[in-house]
Amino acid sequence: VTLLELTPVMPALIVAITGVLVLLAQAFTPKGRASPSVPLSLAGLVAAVSVVMSTLSGPRRGMVLAGAVAADDFALFLQLLILGVGLLAVLLAPAYLRAAGLDRGEYYALLLFSLVGMLGLVSTLELISLFVALEIMSVALYAMAGLRRGQIESQESALKYFVTGAFSSAFFLYGVALLYGLSGSTSLAQISRTVASGFASGPMLVLGMGLLLIGFGFKVASVPFHMWAPDVYEGAPTPVTALMAAGVKAAAFGALLRVFAGALASAAHEWQPALAALAVLSMVIGNLGALAQTSLKRMLAYSSIAHAGYVLTAFVARPEAATSAVLFYLVGYAAVNLGGFGAIAALAKGGREPITFSDLSGLGERRPALAAALTVFLISLTGVPISAGFVGKFYLFGAAVNAGYVSLAIVGVLMSVVSAYYYLGVVVAMYMKEPSLQDDWPPLPYGAAVALLAAVAVTLGLGVYPGPLLDFARLAAASLARL
Amino acid sequence: VAALSVRNLLSLLILLPAAGALIIALLPRSADKLGKLLGLTVSAAVFLLSLSLVRDFQPIAEMQFGESVSWLPAYGISYKLGIDGLSLWLVMLTTFLTPLCLLGSWSSIERRVKEFNVFMLLLETGMLGVFCALDLFLFYIFWEAMLIPMYFLIGIWGHDNRIYAAVKFFLYTMFGSVLMLVAFLVLYRVTGTSSFDIQVLTRTTIDPAVQDWLFLACALAFAIKVPMWPFHTWLPDAHVEAPTAGSVILAGVLLKMGGYGFLRLAIPLFPHAAQRFAWLLGALAVIGIIYGALVSLVQPDLKKLVAYSSVSHLGFVMLGIAAFSTTSIVGSVYQMLNHGISTGALFFMVGMLYERRHTRLISEFGGLKGVLPWFSATFLMIVLSSAAVPGFNGFVGEFLILVGSWRFSNELVVLASLGVILAAAYLLWMVQRVLYGEVTNPKNQALPDLSARELLILAPLLALALVMGVASRYFTKTIEPSIAALVQQVEARRPAQRPAGARRAASEDSRGVAEK
C-alpha cells in the first residue's frame, strides 16, 4: 500500500497521530509548565484540512480504499465540516478548561480521537468499519463528558451517555447482522445491489433497517431515543457539549444519509414513513420540552432534539434532494451550536458559568459584542432571516414539500414559531431585563473571540450568500448516489 | 451623485441604512451623540435620494428602476427589485417617516441611543426591501427580517409591559409568516416554473382547489399584519408599549405591508381564490371598521384610542381591496398613505404630550387650547385629516373606497359609512376632552408649547395632509396606471362565469378614476 492509496483515510490518520503527540507532549512537559496541546492540535487539524482540500482539487477525488473507505465529495464535504468543528472546539476550550481546573492535555487528545471516529463515520462504505468509527467517536466522548470528575452532574452525564450509547450500539449491531444475513455482505454497495434487486425484502429487511434506525436515532437524539440528551448536555463540560451538538450530530447524520439515502435508497418507501414519524415526534416533543426549561444548556439540548426533527423532515424527499438540503443545514447548525455553547463557555469564571436565562440579564449592555453574537445564533436557530438557519430550513422544508409532504413542512414551521418563544427568552434576558447583581463577566478570551467571530461569519454569510456551499452540497449528494 | 446612482437606485436606498447601522454599531460605547447624528444624517440622505424616484417615475403601469441579479440559480431565486405605482408612494412614505422618527426621538430616547439608531436604520432597510422586492424569496427575507429590529424597539425602549408586547408582536407575526412560506414552497412546486419571480408566477394558472389553500395561508399572514379583525389583538399592545418612534413606524409603514401584500402577491397570484373569498375579506374589513371605531370611542388612554382607530381606518383599506375595482384600490393605496401621515402625526403628538406630562390618560388633560395654542391648532388639523373631513387627505381616500366598493356590495358600503360617522365621533370627542374646556388639572397650567424641533416634525406631516387633500390628482395619476393594469390582469385570469355583482364591478373599472 503506497501513501497515495491511503488518501481516503489520510485526514483521520493525521488527526489520530496528532492525538498521540498531544498525549506524549503532555507526558514529557515538566510539572508547572503548560504543555503545547493547543498549538499541536491546531496544527494537526489544519494539516488535515489541507489534505482534504488538496484531495478535493486533485486527481484522487473520489478514490476508494479497499472498497471500505471513500474520499468522495460526500465524505470530503462532511470531513471539512468536522475538522472545522474540531478547530473551533479547540479554540473555545483553553479559557474554560483553565477556569474549571481541567487544563490538561486529555481534553485535546480525546477531542482529536473523537474527531477520528467522526471522520471515519462519514467516509466509510462498510458497516463494520462504520460501527468501529461510531465506537471510536463515542468512547472518546464518554470520557470527555465526565472530565469534570469533581462534579456529580458531569459523572451523571458520562454514565448516562455511556449506558444509552452502549444500548444503542447493540441495536445497531443487530441491524448490521440482519442486513448481512440478507445480502451476505457488510459492504454498502453489495447491500444496495441486493435491496435494489428486490431479492432482499420483507420483514427481515424492515427489521434490519429499523434496528439500524434505532441506533442512529440515539446518536442524533431524535425522539423517542432522546431521553439522555438533556442530562448529558447539561452535565458535560460546555465545550464538550458544543462538540456533541455540532460534531456528533453532523457525523451521525452523515452516516445516516450514507446508509439510508445512499445504500437503502431503493427501499425508501419502507423507511421514509418511519423517518417522517420520527421527524414529527422530535419537532413536537423537542420544542415543547424546550419551552419548559430555565437552564440554558437544557434548553439547547431540547432544541437540538427539535433540530434533529427538522433535519429528518428532508429524508422524505428524493435521496439527492434530501442529502443536499441536510448537508447544507448541518453546516449552519454546527456553526450556530458551537457559537451558542461557546458563548456560554466564554462566560465561565472559576468553574461557574451562566446556568439559567436570568444569569444573562443585562449582557446586552455589559458585553454588547458577545450578546450580539449570541443573538445572531438564536435568530438562526429560530430560522428567521438573514441567517444560515433560515436558508437551511427553507431547503429542508422545500425538499419535504417537493416530495408532497406539505403537512410535515407545516408542522416544522409551526414548531419554529413555538421555538421562537424560548429562543427569544434568552434575548429578552440579555437586552430587556435589568443587569443582575452577578455580572462580573470575565474578559472574552482571545481564542474564543476568534471562534465566535468565525461562527457569526458562517451564520450570516450562509444567510446572505448560500450559493457556493449549496453547489458543493449538491455535488456531495450526487456522489452519494454513485455508490 | 444622482447621475451615478440611477442604475441601482433601489439597492442604494435599501443598503444605505444597513450600512449606516453597521457603522453606528461599531462606534465606541460613549459615542451616543455621534450615533444619533449619523442615524439622522443617513436617513435624511436616503429620503433625499428617494426624491429622485418621484422625479423620474413615469406614470405608466410597468415596473421601473428595475434591477435583477441571479442569486440562487438552482432554485430560480434572484435579487430582483422594482417599483410601480403601487409601491412608489409606500417607499416614499418609508423614507419620509424614518428621519422624522429619529428627529422625534432626539430627546425622548435617553438609554442606549446608539442601538436605537441601529435598529431604526435596519428596520428601514427591511421595510424598503419589502416594497421593492420582486422575488418571493427576497420578499420573504425582508418581511421576516423586519421583525427583529421592531421587536427590539418595542422590547428595549417600550413602556412598562414592553416585553409581553414585544414577544406577542414577534410570535403573532411570525405565526402568520411561516404558513405563507409553506404556501410559497407549494406554489413553487405546483407552478413548475422553477422560479420565485413574482412577475413570472403571477402569469401562471393554478388549480383553483390548490389556490384556495395557498390564498388563505398568504391572507392569514397579511391579515395579521394589517391587522384585520379578529387578528388585531397584538396591535394595541404593541402600539401602547412601543416608544413613539416605534408606534409611528408601526402605524405608518408596517401596517401597510398587509394591504401591500394582498395587492402585490395574494390577489394576483391566486385570482380565483381571491374572488371566492372577497366577501369574507369585505365582511371582516367592515367588522373591523365598526369594531375599531366603537372600541376607540370608549378608550380612556390616548395612545390606545389612536391604536384602535388604526384598526378602523385599515378596515377601509381592506374594503377597497376586497371590492377590487380600480377606483376602490386607488382609494385603498391612497388611504394607506393618509393613514401613515395622519396616524403617524397623531402618535407623534400623543408622544409629545406624554413627554410633558408622563401620562396618556384623556381624563388628565382638558383646556390645553389656552396653554398650548400651537400644539392645539396642529392637533385639531391632524384630527380633522384623520376624520376624513373634506379638504384633507383622508376624505379623498375614504371617498374613493366607498364609491369604488358600491358595486361590490351596497350593504357593506352603507355599514362602512357608519364608520366614517363614528370616526368623527370618537376623534372630536377626544379633542373636546383634551383641548377644550377649563384647565381642571393644575399640572397642565404651565406646559411648554411646541419646540422648534417638534414643529419641524409636524409641519411636513400637516403640509402633506393638506396637499394630499387638495392636489390628490398629482398622486393618483401615478398610482392609477399600475392599479388598472393589475385589475385587468387579475380579471383576465379569472374564469368567465362570474356572479353578476362582480361583473358589474369589473365593468365599472373601464371608466376608471378619471371621472373623479
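Small disclaimer: the values here were computed from a predicted structure and weren't measured. Proteins get letters first, then strands, A, B, ... in listed order; numbering begins at 1 in each.
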For this session: List for me each residue that meets side chain to side chain donor-acceptor pair (under 3.5 Å) alongside B:S78, sequence neighbours excluded, and say none if there are none.
Result: none
Problem set entry | B:K80 to B:W71 six-membered ring, cation-pi geometry met (6.0 Å, 45°) | no
Exercise. Within the side chain of B:Q211, is there an N or O that forms a donor-acceptor pair under 3.5 Å with the backbone of B:I206?
Worked result: yes
Exercise. Side chain, backbone, both or neither: which part of B:Y75 has a non-hydrogen atom closer than 4.5 Å to chain A?
Worked result: side chain
Seminar exercise, completed: Those residues at least two apart in sequence (or on a different chain) that pass side chain to side chain donor-acceptor pair (under 3.5 Å) with A:Y395 are none
Problem set entry | Proximal component of B:F170, with respect to chain A [non-hydrogen, under 4.5 Å] | side chain
Exercise. Given A:Y423, which of A:S416, A:S303, A:S380 fulfils the side-chain hydrogen bond (donor to acceptor under 3.5 Å, both in side chains) condition?
Worked result: A:S303
For this session: Please work out whether the ring planes of B:Y188 and B:F196 are parallel, tilted or perpendicular, with thresholds of 30° and 60°.
Result: parallel
Seminar exercise, completed: chain B shares the most heavy-atom pairs under 4.5 Å, among A:L414, A:V413, A:L470, with A:V413
Problem set entry | Part of B:L147 lying under 4.5 Å from any heavy atom of chain A | neither
Problem set entry | Partner chain A: residue of B:F142, B:F175, B:F152, B:W143 with the largest heavy-atom pair count (under 4.5 Å) | B:F152
Problem set entry | Side-chain heavy-atom pair A:L327, A:Y329 within 4.5 angstrom cut-off | no
Problem set entry | Heavy-atom proximity to chain A below 4.5 Å, by part of B:L72 | side chain
Exercise. Is it the backbone or the side chain of B:L181 that comes under 4.5 Å from a heavy atom of chain A, or both, or neither?
Worked result: side chain
For this session: Side-chain contact test, heavy atoms from C-beta onward, threshold under 4.5 Å: evaluate it for A:F357 versus A:T294 and give yes or no.
Result: no
Seminar exercise, completed: In terms of heavy-atom pairs under 4.5 Å with chain A, the winner among B:V186, B:V182, B:V167, B:V190 is B:V182
Exercise. So how far is it from A:F74 CZ to A:S324 OG, rounded to the nearest 0.5 Å?
Worked result: 11.0 Å
Exercise. With sequence neighbours excluded, what pairs up with B:Y260 under the side chain to side chain donor-acceptor pair (under 3.5 Å) test?
Worked result: B:R264
Exercise. With the threshold set at 4.0 Å, does a side-chain nitrogen-carboxylate oxygen contact exist between B:D32 and B:K114?
Worked result: no
For this session: Can you check whether anything in residues 310-321 of chain A gets within less than 4.5 Å of chain B, heavy-atom wise, and list it by number?
Result: none
Seminar exercise, completed: Bottom line for A:F390: the part with an atom under 4.5 Å from chain B's heavy atoms is side chain
Seminar exercise, completed: Assert top hit (heavy-atom pairs under 4.5 Å, partner chain B, pool A:R474, A:E365, A:K393) equals A:E365
For this session: Let me know if B:F137 has heavy atoms under 4.5 Å from chain A in its side chain, its backbone, both or neither.
Result: side chain
Exercise. For A:T382, is it the side chain, the backbone, both or neither that has a heavy atom under 4.5 Å from a heavy atom of chain B?
Worked result: both
Exercise. According to the interplanar angle, ranging from 0 to 90°, do the rings of B:F116 and B:W157 count as parallel (below 30°), tilted (30 to 60°) or perpendicular (above 60°)?
Worked result: perpendicular
Problem set entry | Greatest number of heavy atom pairs closer than 4.5 Å to chain B - which of A:G404, A:G412, A:A400 | A:G404
